[in-house]
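Below is one structure, written out as structure tokens, with a few remarks after it.
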2 protein chains.
Amino acid sequence: MNSIISPLLTTAITAADKTFYTLRTDIVEGRIAAGSKLSEAELSTKYGVSRAIIREAISRLVSCHIVERKANIGARVVALSLEGLIELYQVRESLEGMAARLAAQNMTAEQITELNALLNQHAASVKDSQSYYQEAGDVDFHYRIIIGSHNTQLITLLTEGIYHLVRMYRVQLGMAGPRVTTAFAEHQHIAQAIANRDAELAEMLMRRHITYSRQNIEHKLHSQPQKGSL
Amino acid sequence: MNSIISPLLTTAITAADKTFYTLRTDIVEGRIAAGSKLSEAELSTKYGVSRAIIREAISRLVSCHIVERKANIGARVVALSLEGLIELYQVRESLEGMAARLAAQNMTAEQITELNALLNQHAASVKDSQSYYQEAGDVDFHYRIIIGSHNTQLITLLTEGIYHLVRMYRVQLGMAGPRVTTAFAEHQHIAQAIANRDAELAEMLMRRHITYSRQNIEHKLHSQPQKGSL
DNA sequence: AACCCTTAGATTGTCGACAATAGTCTGATA
DNA sequence: TATCAGACTATTGTCGACAATCTAAGGGTT
């Protein structure tokens with residue numbers, strides 16, 4: 001889909017790495033249910049690796065906040081709630097707002113050109129079938145701005161941490177959000193601000209953009225008390 | 001010193017946990033130099049545990065961005081640079097600004113009272129010897145606001161991730177920043193905004209507060225090209 | 001019947017040994 | 001002398017086994 005799933009590493013890939021990526025995908029995409037227990041022995045036979053590998057993979061998932069572990073008891077996939085998803089959106093608002101600000105300052109001319117090309121490409125998709133833009137396109141747009149911030153810490157936090165969490169919540173809570181066309185217009189305005197090197201405006205627009213999404217979720221929270229599949 | 005170092009866990013503490021905390025402290029406090037290699041066998045004998053424990057501890061440090069690891073080659077403490085520290089301050093500005101905003105909305109009356117009590121206590125210290133406030137007091141103040149945000153994701157990111165990194169950079173780059181008395185005044189203004197439940201203002205003041213610190217560092221960067229002990 | 005203690009099973013934590021890979025040194029050849 | 005091939009050493013990656021801990025079942029007591 002896009003390069004968020006498997007980061008661009010020049011270094012060798014070990015069995016523990018593969019198991020980590022596989023396990024994470026299985027959880028994020030919902031093949032392993034939220035709240036379910038992760039038995040080391042069970043996963044060991046399932047993925048055909050030793051328990052040590054499984055343990056390392058689980059440890060990393062704990063670091064990502066995808067899994068919680070209690071000593072001598074075991075590891076469980078985190079429990080999902082709309083409140084938790086809202087918390088994540090608050091963090092996103094903060095971090096991606098800063099990313100947009102820094103992108104306006106630091107993006108190269110090429111990166112800006114590519115960002116606009118991406119939007120033009122999306123414009124066509126939006127007219128045809130609005131379905132495409134819903135997921136991959138949105139992720140791509142945000143991803144490029146994050147990378148454009150040129151801030152390593154920020155990039156790592158968002159692409160290796162927050163984004164997988166957000167996706168997990170959205171998939172498992174069944175948040176196939178609408179907001180397609182309006183979101184597209186917001187993306188255009190953000191890209192414009194970045195092209196104008198207007199850092200203040202870029203940050204403000206990005207924060208609003210994410211705030212709208214969050215409010216959209218909060219609205220669902222209040223209209224239908226519990227939607228979670230848990 | 002304060003509860004950031006060892007989080008409040010009700011669960012049992014395993015040998016891997018202890019080793020992780022010890023190793024992290026040794027690195028953050030500079031007893032293990034930045035950029036140095038972490039030999040598993042060496043650390044195994046040094047801390048008196050098996051290599052498996054060391055490997056788990058290192059894995060966790062990698063997740064914290066304190067250590068970098070290449071497959072089949074080994075792990076090194078991250079290289080320090082003022083540029084990296086500045087990147088961290090940008091992330092802090094973003095996250096702690098949001099924390100202040102949320103704290104103004106969500107802090108309990110007790111928490112606000114305690115925050116003011118802390119500031120009063122500091123006021124005395126500042127008059128006597130300005131040295132105290134430099135480190136622990138500053139951390140305490142920020143810590144309470146982070147906790148006051150009541151956003152689990154935000155709290156974890158800051159207290160288990162960013163803060164140890166910032167401290168490591170500051171210790172090892174020899175950043176015993178001045179800005180003592182002015183910082184204290186800024187803290188007072190932030191606390192006032194939170195007490196008034198003025199979320200907008202609290203965020204703005206916190207962001208400025210951290211921006212000032214960052215600019216203070218950037219100034220050093222330009223005046224003395226390389227200060228790093230590496 | 002309710003409660004507590006003991007015991008058995010299963011799961012996690014820890015360890016030492018083996019396998020695989022990276023880096024180094026030697027030595028032969030052009 | 002410079003360079004490349006190959007073996008050797010050291011370090012990391014992976015594995016299966018043992019130890020420690022938690023959970024549940026069973027029996028006994030009040």
Side-chain angles (χ1 to χ4, degrees), chain A residues 6-24 26-27 32-79 160, chain B residues 6-24 26-27 32-79 160:
Chain A
S6 60
L8 44 149
L9 291 180
T10 76
T11 172
I13 292 178
T14 167
D17 291 327
K18 276 188 286 190
T19 307
F20 166 65
Y21 293 134
T22 307
L23 231 183
R24 182 175 64 181
D26 284 350
I27 293 174
I32 296 178
S36 63
K37 175 142 197 261
L38 296 178
S39 161
E40 296 182 358
E42 194 177 320
L43 294 175
S44 174
T45 61
K46 177 176 176 180
Y47 293 110
V49 291
S50 80
R51 259 188 62 217
I53 303 295
I54 297 293
R55 278 183 67 79
E56 177 166 342
I58 290 179
S59 291
R60 286 209 238 171
L61 290 170
V62 171
S63 300
C64 299
H65 308 290
I66 292 178
V67 166
E68 287 172 335
R69 155 184 277 162
K70 287 179 184 171
N72 296 313
I73 294 180
R76 308 192 82 91
V77 179
V78 295
E160 290 182 14
Chain B
S6 60
L8 45 150
L9 292 180
T10 77
T11 171
I13 292 179
T14 166
D17 291 327
K18 276 188 287 191
T19 307
F20 165 65
Y21 293 134
T22 308
L23 230 182
R24 183 175 64 180
D26 284 350
I27 293 173
I32 295 178
S36 63
K37 176 147 199 264
L38 296 178
S39 161
E40 295 181 359
E42 195 177 319
L43 294 175
S44 174
T45 61
K46 177 176 176 182
Y47 293 108
V49 291
S50 80
R51 258 188 64 216
I53 304 295
I54 297 293
R55 278 183 67 80
E56 178 166 342
I58 289 180
S59 290
R60 286 209 238 171
L61 290 170
V62 171
S63 299
C64 299
H65 309 291
I66 292 177
V67 166
E68 288 171 335
R69 156 183 276 162
K70 288 178 184 170
N72 295 314
I73 293 179
R76 306 192 83 91
V77 180
V78 294
E160 290 182 14

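What you see below is based on every heavy atom in this structure, not just the backbone, and it leaves out hydrogens, waters and symmetry mates. Since this is a predicted model, take the numbers as computed values, not measurements. Every chain is numbered from 1, with letters handed out A, B, ... down the list of sequences.
- Sequence neighbours left out, the pairs with a member in residues 50-62 of chain A that pass salt bridge (Lys or Arg N to Asp or Glu O under 4.0 Å) are A:Asp17-A:Arg60, A:Glu40-A:Arg51, A:Glu40-A:Arg55, A:Arg55-B:Glu56, A:Glu56-A:Arg60, A:Glu56-B:Arg55.
- The separation between B:Glu68 atom CD and D:dT12 atom C1' is 18 Å, rounded to whole Å.
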Next on the checklist: Generate the contact string for nucleotides 5-19 of chain C. Rules: B means base contact, S means sugar-phosphate contact only, - means no protein heavy atom under 4.0 Å.
Outcome noted: ------SBBBB-B--
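- Every residue two or more places apart in sequence or in another chain was checked for a side chain to side chain donor-acceptor pair (under 3.5 Å) with B:Thr19, and none qualifies.
- Judged as a salt bridge (Lys or Arg N to Asp or Glu O under 4.0 Å), and not counting sequence neighbours, B:Arg76 has no contacts.
- For A:Ala15, there are no side chain to side chain contact (heavy atoms under 4.5 Å, CB included) partners at least two apart in sequence or on another chain.
- Considering only residues two or more places apart in sequence or on other chains, B:Asp26 meets the side chain to side chain donor-acceptor pair (under 3.5 Å) condition with B:Arg31, B:Tyr47.
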